[in-house]
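Below: one structure, written as structure tokens.
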Amino acid sequence: MKNLFKISWIGLVLVLLNCKSVNYTNMFYGDVRPEKVSGKFSFTEGPSSDKEGNVYFTDQPNDKIYFWNWKTNEIKEFLHKTGRANGTHFDKDDNLITCSDDQGEIWKISKDKKIQIILKGFEGKRLNGPNDLWGDSFGGMYFTDPLYERDYWIGFEQEIPHKSLYYRSKEGKVTKLDTFTQPNGIAGSEKYKKLYVSDIDAGKTYVYDILGEGQLSEKRLFCEMGSDGMTLDKHGNLYLTGNGVSVFNRDGKKIYQIPIPEKWTSNVTFGGKNNHVLFITASESVYILPTRVKGTK
């Protein structure tokens, strides 16, 4: 009888340790609403947090990158002339990596604003327009390349007929991994070895198992919702955007909705001193929402 009780207790502990998500009541403060920090932009996108917790984001129509200082809750301009930066990601050296779609490129921008173009095309052809990216622990990056023809593109001719997910290795080798209707938002987790990609025009988000450097399983449907941008918390919950922010647990079940009073919510990330503030880009504005959880790194 004692052995049976011991086995049952161990089983219960294992179940609790492997719980796939936390309850939303333990994730958000019930009386705290998103705070509008600024509404002076044309269209905000691509937020990502640096090592200090400050969040950098883009205003693509105005070709600018701004940053939110979490200590002062102020917005300051970081860079003008960004190659029309859209999605961004910080690498392990705290360089800002940008999907700069004016010429179908990916840039690396240091904190002292030195710019290096690290990707110009695929197999000698211009990319459609890199949109969003996520960097892994190998020093490589996954990025989406949909096609949104911009009014600032001059003499553009589509050279790549598909809209795809790619991997760029640390050494600069680029591999096409999968094709979508219109791939957009992307986020990954080293802890859970998962990569999420939104097919926004298909109204779906997919998940892959990360098998190695630039190696993925076959994609699986995660949920019947597309997304412009996305982020993950440390428990593996996925935050999708569009109409506000929709939170899904690791099983693909929607568990929470964060309303944002804007016509479109484009993207989201975690920042702040303890990586617990949700930073939301939405049309002409940006918002912050303190939470009880932390973002994944």
Flag for [Y]-[X]: side-chain donor and acceptor within less than 3.5 Å:
X: E262; Y: S285; result: yes
X: T205; Y: S227; result: no
X: D178; Y: Y208; result: yes
X: D63; Y: T82; result: yes

Indicate yes or no for a side-chain donor-acceptor contact from [X] to the backbone of [Y] under 3.5 Å, with no hydrogens or angles considered.
X: N128; Y: H162; result: yes
X: K64; Y: A85; result: no
X: T44; Y: S283; result: yes
X: D199; Y: T181; result: yes
X: N274; Y: H276; result: no

Q.
Parallel, tilted or perpendicular, judged at 30° and 60°: which one describes the rings of W68 and F279?
A. tilted
Q: Describe, in one word, how the ring planes of F222 and Y196 are oriented to each other, choosing from parallel (under 30°), tilted (30 to 60°) and perpendicular (over 60°).
A: perpendicular
Q) Do NZ/NE/NH1/NH2 and the carboxylate oxygens of D209 and R220 come within less than 4.0 Å? A) yes
Q) With a 4.0 Å cut-off, would you call E105 and K120 a salt bridge? A) yes
Q: Enter the distance from T144:OG1 to N184:CG here, rounded to the nearest 0.5 Å.
A: 6.0 Å
(Q) Within a 6.0 Å radius of atom CD on E218, are there more than 12 heavy atoms belonging to other residues, nucleotides or ligands? (A) no
Q: Quickly, which of T88, N267, N131 forms a side chain to side chain donor-acceptor pair (under 3.5 Å) with E45? Name it, please.
A: N267
Less than 6.0 angstrom from the centroid, inside 45 degrees of the normal: does [X] satisfy that with respect to the ring of [Y]?
X: K113; Y: F78; value: yes
X: K219; Y: F180; value: yes
X: R292; Y: F28; value: no

Q.
With side chain to side chain donor-acceptor pair (under 3.5 Å) as the rule and sequence neighbours excluded, what pairs involving residues 133-142 come up?
A. D136-Y167, S137-E190
(Q) Using side-chain contact (heavy atoms from CB on, under 4.5 Å), reason through L119 and L127 one step at a time and then give a plain yes or no. (A) CA-CA 9 Å; L119 183 61; L127 291 165; 4.0 Å; yes
Q. Any link between Y148 and F156 through a network of hydrophobic side chains (Ile, Leu, Val, Met, Phe, Trp, Tyr) touching at under 4.5 Å?
A. no
